[in-house]
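A quick note: this is a predicted structure, and the numbers were derived from the prediction, not measured. Residue numbering restarts at 1 for every chain, and letters A, B, ... go by the order of the sequence lines.
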Number of protein chains: 2
Amino acid sequence: MKIKPDILKQSGLSITESRKKILDLFLETDGALAHADIEKNTSSAFDRVTVYRTLQTFVEKGIIHQIPTTDNSILYALCKHNCEQGHHHDDHVHFICSNCDKTICLDEVTVPEVKLPKNFTKQQSAMVVTGICEDCK
Amino acid sequence: MKIKPDILKQSGLSITESRKKILDLFLETDGALAHADIEKNTSSAFDRVTVYRTLQTFVEKGIIHQIPTTDNSILYALCKHNCEQGHHHDDHVHFICSNCDKTICLDEVTVPEVKLPKNFTKQQSAMVVTGICEDCK
DNA sequence: CAATTTTTGCACTAACGTTGCAAATAGTTT
DNA sequence: AAACTATTTGCAACGTTAGTGCAAAAATTG
């Protein structure tokens with residue numbers, strides 16, 4: 001596993017308490033986090049605004065990526081592969097457990113290709129599967 | 001194409017101005033709508049609350065379905081196939097054009113099956129593809 | 001360690017979403 | 001068609017979520 005300061009340094013970010021703590025949280029968590037989770041779970045409380053800005057920065061730098069949901073929230077998860085600024089290799093399937101509500105990145109499961117209708121050009125594709133996860137089985 | 005009052009009647013809903021107007025909007029629009037679009041585009045202005053409740057009702061009755069996004073909003077689109085209450089046959093791919101920002105239901109393109117890791121059980125799956133649509137090509 | 005740049009937290013504002021309740025509208029019965 | 005019942009609407013109020021400007025604090029640079 002990479003070392004936290006390295007991740008920040010490689011992205012050209014200053015190393016601050018909040019960034020380290022939030023990054024920690026992502027590294028510890030095997031799944032996706034919502035903004036609210038982050039506010040609650042970081043021991044030392046940061047300002048909401050700091051959390052917003054940190055997440056925004058991390059997304060811009062390709063450290064984390066966003067996961068689409070239908071419940072009016074955004075989930076964030078670590079990019080495990082090499083994501084450059086703006087270009088995410090975020091091609092794995094996301095799994096949302098309808099029992100424990102956790103969102104898990106299935107890094108081994110690649111989003112399959114689909115044939116689009118004529119004159120449609122693909123840039124990115126995302127896939128979200130809901131069901132029961134291994135822990136809740 | 002179905003006739004509006006029929007759709008409402010078949011779902012056991014009273015036929016009201018707002019429901020007809022909002023349903024109209026969906027039938028006219030070849031794509032998905034966000035809550036905000038609906039508030040803006042219905043000629044006679046309804047209360048925000050009415051729009052919320054109407055959308056909620058439509059989802060419950062299987063008239064429309066929700067589309068996941070990463071931008072903290074929910075998109076709604078007509079269910080073109082036979083969706084019963086609670087059981088959506090919403091197994092088609094959604095396409096978001098990064099030029100005109102429209103979301104289009106690719107009814108002909110079915111979400112492919114994926115092999116989940118051991119002990120994961122699938123209930124539903126959704127797929128969102130971004131790119132350039134036929135109109136913007 | 002001083003100077004410069006970046007980041008943080010606070011105050012304020014704006015938008016979003018939900019609920020209770022009375023008025024209005026739709027459906028039903030005779 | 002009128003009276004009755006059930007449903008739906010709009011308003012007001014509330015709470016949560018998200019974003020911005022600016023001064024203070026912390027991090028980086030030399």
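- Between B:H92 and B:H65, some side-chain heavy-atom pair lies under the 4.5 Å cut-off.
- Residues A:L23 and A:L78 meet the side-chain proximity criterion, which asks for heavy atoms closer than 4.5 Å.
- Every residue two or more places apart in sequence or in another chain that forms a salt bridge (Lys or Arg N to Asp or Glu O under 4.0 Å) with B:E113 is listed here: B:K122.
- Note that the first and last nucleotides of DNA chain D, 5' to 3', having any atom under 4.0 angstrom from a heavy atom of chain B are D:dT7 to D:dA18.
- A:F120 meets the ring pair (Phe, Tyr, Trp, His ring centres under 6.0 Å) test with B:F95; sequence neighbours excluded.
- Ion pairing between A:E17 and A:K20 holds under the 4.0 Å rule for side-chain N and carboxylate O.
- You'll find the side chain of A:F46 stays beyond 4.5 Å of the side chain of A:I38, heavy atoms only.
- If A:D47 and A:G12 are placed on DNA chain C by their nearest nucleotide, the residue sitting closer to the 5' end is A:G12.
- The side-chain heavy atoms of B:I7 and B:L13, taken from C-beta on, include no pair separated by under 4.5 Å.
- Under the side-chain contact (heavy atoms from CB on, under 4.5 Å) criterion, B:T130 pairs with A:Q123, A:Q124, B:I96, not counting sequence neighbours.
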| message | Using a 4.0 Å heavy-atom cut-off to protein, can you give one letter per nucleotide of nucleotides 15-30 of chain C, 5' to 3': B if the base is in contact, S if only the sugar-phosphate is, - if neither? | response | -SBBBB-----SS---

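- Counting heavy atoms from C-beta on, the side chains of B:I67 and A:T70 never come closer than 4.5 Å.
- Side chains of B:L8 and B:F58 form a contact here, defined as non-hydrogen atoms less than 4.5 Å apart.
- With axes fitted over five pairs at each extremity, the angle between the ends of the helix from C:dC1-D:dG30 to C:dA26-D:dT5 is 40° (10° resolution).
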